[in-house]
Amino acid sequence: MELELRHLKTIRAIAEAGSLTRAATVLGLAQPALSAQLRRIERALGGALFERGRHGVRTTALGELVLERTRIVLPAVSELQREATRFARSQGEGERLRLGGTHGPLLGALVDRLADAAPGTAVTTCASWSERELAEMLNEGRLDFALSGTCGSAPPPDSPHLVWEEIAVDPVFVMLTDGHRLAHGREIELAALANEGWACVPGDGCFADCFTAACARAGFTPRRMYETDTASCVHLVQVGRAVGLCRATFPPTPGLAIRPLHGTPLMWRHLLGWHPAGQRPGTAATVLAQAREAHAGAAARSDSYAYWLAERRPTPAGGVAPVTAPDTGSISPGQGVG
């Protein structure tokens, strides 16, 4: 019998499970079938790979040698398959861009801009709440580009093969029902929201921890957090059940008022990621430029974000230009932010 990759995967599964019974469950095999397969593998390799005992299995010296090689061979073959898939797609297909993104307005705006900038390109999209999932899809060649983000200066999803470029950095704002007692202020102290429930979309980065830490610095612990999809977050805010956390470019939404937090305790960094092995020259530069333009357009549509930016714009003398605070009609209730 010749040794195959599936045999190496079987050996690894047995070693990780620690018993033939658990490994059979993981592999979807009956235990007698797995035992018979292991005996054939051991005959092909010239000796026992595992010692059987009452409490499971333990690798022999030969088993450790094979496992050490397996840790090198299996990842290398997987990477070869991914690179071959990316290469074949980049060479064998017409102009096509597969875009992924987390929640937010940039994905739709980027698709719109690419339709004008590259009219012959077929663009498809995939949304996910998980930054890590998007990074995995880039690594595996299932996406060409991903719009993602990180909290503050946190690093992007860890992957040595991907390129991440910054699109923009935004403050995190809050969205309130337009009848909220604080809805017409210029900025809101985080501590003034200590008794509120909160709503935000899920993610697998550090944002939740950073928000909790910001609340602790403001002297309170959030009493309730609803993690749900964007539409449900908006509904909870509109009916007064929660205050929502949002990016400053959140699009105008009826029934909502979007306001900055005083002192800017939370920031969000927008990123564009891709795998350089799967891109034609110039494509990444084009998509990055269009993503930055999409963000600039979303920021320009937000009155509250425009005021926030203007208040921090340096004057020629090096100070900060004063900006008159909007009255209650300057940012109409429910206008929100883009």
Side-chain angles (χ1 to χ4, degrees), residues 1-89 98 100 102 126-143 146 148 150 154-164 202-209 212 227 273-278:
M1 183 187 78
E2 292 187 0
L3 197 65
E4 301 175 14
L5 284 175
R6 62 187 179 91
H7 298 142
L8 297 181
K9 293 177 181 178
T10 296
I11 295 169
R12 183 181 62 182
I14 295 172
E16 291 176 349
S19 80
L20 291 177
T21 301
R22 288 192 291 271
T25 300
V26 171
L27 295 169
L29 299 172
Q31 182 175 332
L34 179 60
S35 298
Q37 185 182 84
L38 177 59
R39 286 194 294 271
R40 290 194 296 272
I41 295 171
E42 289 177 327
R43 284 198 297 270
L45 291 173
L49 302 177
F50 298 96
E51 295 177 355
R52 284 75 161 174
R54 291 178 56 191
H55 303 292
V57 297
R58 186 173 57 185
T59 53
T60 64
L62 176 59
E64 287 292 339
L65 172 66
V66 174
L67 276 174
E68 182 180 348
R69 300 296 190 273
T70 297
R71 295 185 186 105
I72 298 172
V73 171
L74 291 179
V77 171
S78 296
E79 181 60 23
L80 172 61
Q81 290 175 327
R82 288 192 291 266
E83 288 186 6
T85 299
R86 284 192 294 267
F87 182 83
R89 284 174 174 163
R98 297 160 300 159
T102 52
C126 172
S128 171
W129 61 266
S130 169
E131 292 89 355
R132 294 192 187 102
E133 181 182 34
L134 291 173
E136 290 173 4
M137 294 177 75
L138 289 173
N139 266 320
E140 294 169 0
R142 293 186 285 146
L143 286 179
S148 186
T150 62
D158 184 30
S159 175
H161 305 296
L162 300 182
V163 173
W164 293 98
D204 50 11
C206 64
F207 182 78
D209 292 335
T212 301
E227 281 195 342
W274 68 89
H275 197 301

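Given the structure is predicted, the values throughout are model-derived calculations rather than measurements.
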* Assess whether atom CZ of R58 is packed by more than 12 heavy atoms of other residues, nucleotides or ligands within 6.0 Å. =>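 For R58, atom CZ is not crowded (no more than 12 foreign heavy atoms under 6.0 Å).
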What closest approach, in Å, do [X] and [Y] show between heavy atoms, and which atom pair accounts for it?
X: P156; Y: T150; result: CA-CG2, 3.7 Å
X: A17; Y: R22; result: O-NE, 2.8 Å
X: S148; Y: E131; result: OG-CG, 3.0 Å
X: W164; Y: A146; result: CZ3-O, 4.1 Å
X: L49; Y: E42; result: N-OE2, 2.8 Å
X: G56; Y: S19; result: CA-CB, 4.1 Å

I need the [X] [atom1] to [Y] [atom2] distance, nearest 0.5 Å.
X: R132; Y: D204; atom1: CZ; atom2: CG; value: 4.5 Å
X: T10; Y: L29; atom1: OG1; atom2: CG; value: 7.0 Å
X: R69; Y: L74; atom1: CZ; atom2: CG; value: 13.5 Å
X: L3; Y: R40; atom1: CG; atom2: CZ; value: 12.5 Å
X: L67; Y: E16; atom1: CG; atom2: CD; value: 8.5 Å
X: L134; Y: R142; atom1: CG; atom2: CZ; value: 10.0 Å

* Non-hydrogen side-chain atoms of L45 and I11 separated by less than 4.5 Å ->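 Side-chain contact under 4.5 Å: yes.
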* Asked: Between T59 and E64, does any side-chain donor sit less than 3.5 Å from a side-chain acceptor?
  ->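 Yes, a side-chain donor-acceptor pair sits under 3.5 Å.
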* Asked: Is a side-chain N or O of R71 found less than 3.5 angstrom from the main chain of R12, in a donor-acceptor match?
  ->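 The answer is no, because no donor-acceptor pair under 3.5 Å joins these two groups.
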* Sequence neighbours left out, what passes ring-ring contact (aromatic ring centres under 6.0 Å, His included) with W274? Give chain and number order. =>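 If we apply the ring-ring contact (aromatic ring centres under 6.0 Å, His included) test to W274, skipping adjacent residues, the hits are F145.
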* Asked: In this structure, which one of T60, L38, L20, L62 forms a side-chain contact (heavy atoms from CB on, under 4.5 Å) with F50?
  ->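 The passing option is L38.
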